Amino acid sequence: MRLLTTLVVLFLGVVSSTASPTCEAIKIPLCQKYLPYNMTMFPNALEQLSQHHARQKIDLFRAIVAINCSQEAGFFLCAYHLPICAPEFKSRPIRPCRSVCEKVKADCMATIRRYKGKWPEDVVCEDLPSYDSDVCVTRDSFVPSVSSCHCTKPRLNYQWYQRNSYNFVLKVRITSTAKRGNQRVIKGRIQRVLQKGFVDLKKGDIVHLHSNTTCDCPKVDQLNADYLVAGHEDAGQNKLYLSPKTGVVETWGRAWVGKFRKWEKRLTAKRLAKKNNRKNRKRRRKVHFIFPDRDH
């Protein structure tokens, strides 16, 4: 019986680690009040598989919101457990920014101690991304939607590239653009693969680049021309996405190859340094100080 139980636990662990992300409407009333979006995604970054599991955690710490110690508390608690469903980030849940966590903690710790409470152990601000180095959200990340389209061409430099963590970077000969339902689709043929994620991409493949809007953003100035294209993927549906705000469509030039390689080299070095820092922090936590016996 014990062996059977162990096998079931192992099986469920495999299922949870390989479950493909799915989007669903937010049903928790508290989070419907504080979140500026209405769709979330599971599994989330905490490996919770459903809103039922997330709600259990939220209910434990909703007192932090109830005591009204920080204007950011409701947004942070809900965004931490109910990440926004964004097609271009389906393979990696978007978490709230470190600065939001730090502000809530700074605002609320005195009140929490006064009520003899504790900060949630599984909420570690240092583990959250910062806005200048990764993709994350704050309340200011969301602006009211407008009916008219306004395309803003991104300034593609290292900071922009680092912040948006693109899944794919390609040289594509764009042959057509079309509106399908409530989205725009760009079609083209891959001329060169500079980076790819889980979706299999190779030179010569025909690709369809989807967006979640009918706006002509990012803009394609001329058909049957070569472009540098960078965006995000939904590996579960085998789709490539170009977000109107973060997707890149730039006229191709050989200089892009050198820039891309330089940026990737810097990012690799930064990831390695971050990994080593985490290992060092863990080692420091494990150190036990032994004080000498005063009698000797």
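On a predicted model such as this, the values are computed, not experimentally measured, just so you know.
Of all heavy-atom pairs between Cys69 and Thr111, the closest is CB-OG1, 4.1 Å. For Asp226 against Arg173, the heavy-atom pair with the smallest separation is OD1-NE, 2.8 Å. Across all their heavy atoms, Ile94 and Cys136 have their closest contact at CG2-CA, 4.0 Å. Here the shortest heavy-atom pairing between Gln32 and Lys27 reads NE2-CA, 3.8 Å. Between Leu170 and Gln195, the shortest heavy-atom contact is CD2-O, 4.0 Å. Of all non-hydrogen atoms in Ile67 and Tyr115, the two that sit nearest each other are CG2-CE1, 4.5 Å.
Heavy atoms from other residues, nucleotides or ligands lying under 6.0 Å from NZ of Lys103 number 12 at most. Atom NZ of Lys196 sits in a crowded spot, with more than 12 heavy atoms from other residues, nucleotides or ligands closer than 6.0 Å. Atom CD of Gln191 has more than 12 neighbouring heavy atoms from other residues, nucleotides or ligands inside a 6.0 Å radius.
The only option from His52, His53, Gln48 that meets the side-chain hydrogen bond (donor to acceptor under 3.5 Å, both in side chains) definition with Ser50 turns out to be His53. Paired with Ile186 under the rule side chain to side chain contact (heavy atoms under 4.5 Å, CB included), one option of Leu240, Val229, Leu209, Leu223 passes, and it is Leu209.
You'll find the side chain of Leu194 reaches within 4.5 Å of the side chain of Leu228, heavy atoms only. For the pair Ile64 and Leu77, the minimum side-chain heavy-atom distance is 4.5 Å or more. With contacts defined as side-chain heavy-atom distances shorter than 4.5 Å, the pair Thr40/Glu24 qualifies. Phe75 places none of its side-chain heavy atoms less than 4.5 Å from the side chain of Val104. At least one side-chain heavy atom of Pro43 sits less than 4.5 Å from a side-chain heavy atom of Leu49. Side-chain contact between Ile190 and Lys202 is absent, with no heavy-atom pair separated by less than 4.5 Å.
Once rounded to the nearest 0.5 Å, the distance linking CG of Leu272 with CG of Leu267 reads 12.5 Å. In this structure, Leu242 CG and His232 NE2 are separated by 10.0 Å, a value rounded to the nearest 0.5 Å. Atoms CD1 and CZ, on Ile174 and Arg189 in that order, are 14.0 Å from each other to the nearest 0.5 Å. If you take CD on Glu264 and OH on Tyr161, they are separated by 3.5 Å, rounding to the nearest 0.5 Å. Rounding to the nearest 0.5 Å gives a distance of 4.0 Å between CD1 of Ile28 and CD1 of Ile58. Atom CD of Gln162 sits about 4.0 Å away from atom NZ of Lys270, to the nearest 0.5 Å.
Proximity of a side-chain donor or acceptor of Arg95 to a complementary backbone N or O of Asp127 within less than 3.5 Å is detected. Of the possible donor and acceptor atoms, one in the side chain of Arg184 sits under 3.5 Å from a partner among the backbone N and O of Pro218. With His81 contributing its side chain and Gln56 its backbone, the two residues share no donor-acceptor pair below 3.5 Å. Remark: side-chain polar atoms of Tyr37 are not paired, donor with acceptor, to backbone N or O of Ile26 under 3.5 angstrom. Between the side chain of Gln51 and the backbone N or O of Phe42 there is no donor-acceptor pair closer than 3.5 Å. In terms of modelled atom types and a separation under 3.5 Å, the side chain of Glu102 and the main chain of Cys125 share no donor-acceptor contact. Side chain of Glu233 to main chain of Val199: a donor-acceptor pair is present (N/O by atom type, distance under 3.5 Å, no hydrogens or angles). Asn44 contributes a side-chain N or O that, together with a main-chain N or O of Leu46, makes up a donor-acceptor pair within less than 3.5 Å. With hydrogens and angles ignored, the 3.5 Å screen pairs a side-chain donor or acceptor of Thr175 with a backbone N or O of Lys187.
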Original post:
Checking side chain to side chain contact (heavy atoms under 4.5 Å, CB included) for the pair Tyr80/Val100: CA distance, chi angles, key distance, verdict?
Top reply: CA-CA 10 Å; Tyr80 191 79; Val100 184; over 6 Å; no
**OP:** Begin with the C-alpha distance, continue with both residues' side-chain angles, and end with the deciding distance and a verdict on side chain to side chain contact (heavy atoms under 4.5 Å, CB included) for Glu250 and Leu156.
**Re:** CA-CA 9 Å; Glu250 291 277 354; Leu156 187 54; 4.3 Å; yes
Subject >> Pair Lys265-Thr268, side chain to side chain contact (heavy atoms under 4.5 Å, CB included): steps then yes or no >> reply: CA-CA 5 Å; Lys265 189 174 182 179; Thr268 300; 5.8 Å; no
Original post:
Given the rule in the side chain to side chain contact (heavy atoms under 4.5 Å, CB included) test, do Phe61 and Ile112 qualify, once you have shown the distances and angles that lead to the verdict?
Top reply: CA-CA 11 Å; Phe61 305 113; Ile112 292 172; over 6 Å; no
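Follow the hydrophobic side-chain contacts under 4.5 Å out from Val249 and you reach Val207 in the same cluster. Taken together through direct or relayed side-chain contacts under 4.5 Å among Ile, Leu, Val, Met, Phe, Trp and Tyr, Met39 and Tyr34 form parts of separate hydrophobic clusters. The same ILVMFWY cluster, assembled from side-chain heavy atoms under 4.5 Å apart, contains both Trp252 and Trp263. In this structure, Val169 is not a member of the same hydrophobic cluster as Phe198, with clusters built from ILVMFWY side-chain heavy atoms closer than 4.5 Å. Linking Ile, Leu, Val, Met, Phe, Trp and Tyr residues whenever their side-chain heavy atoms come within less than 4.5 Å places Val172 and Val193 in a single cluster.
The aromatic rings of Phe76 and Trp119 sit parallel, their planes meeting at an angle under 30°, below the 60° perpendicular limit.
Counted by atom type alone, Trp256 and Tyr227 present zero donor-acceptor pairs between their side chains at under 3.5 Å.
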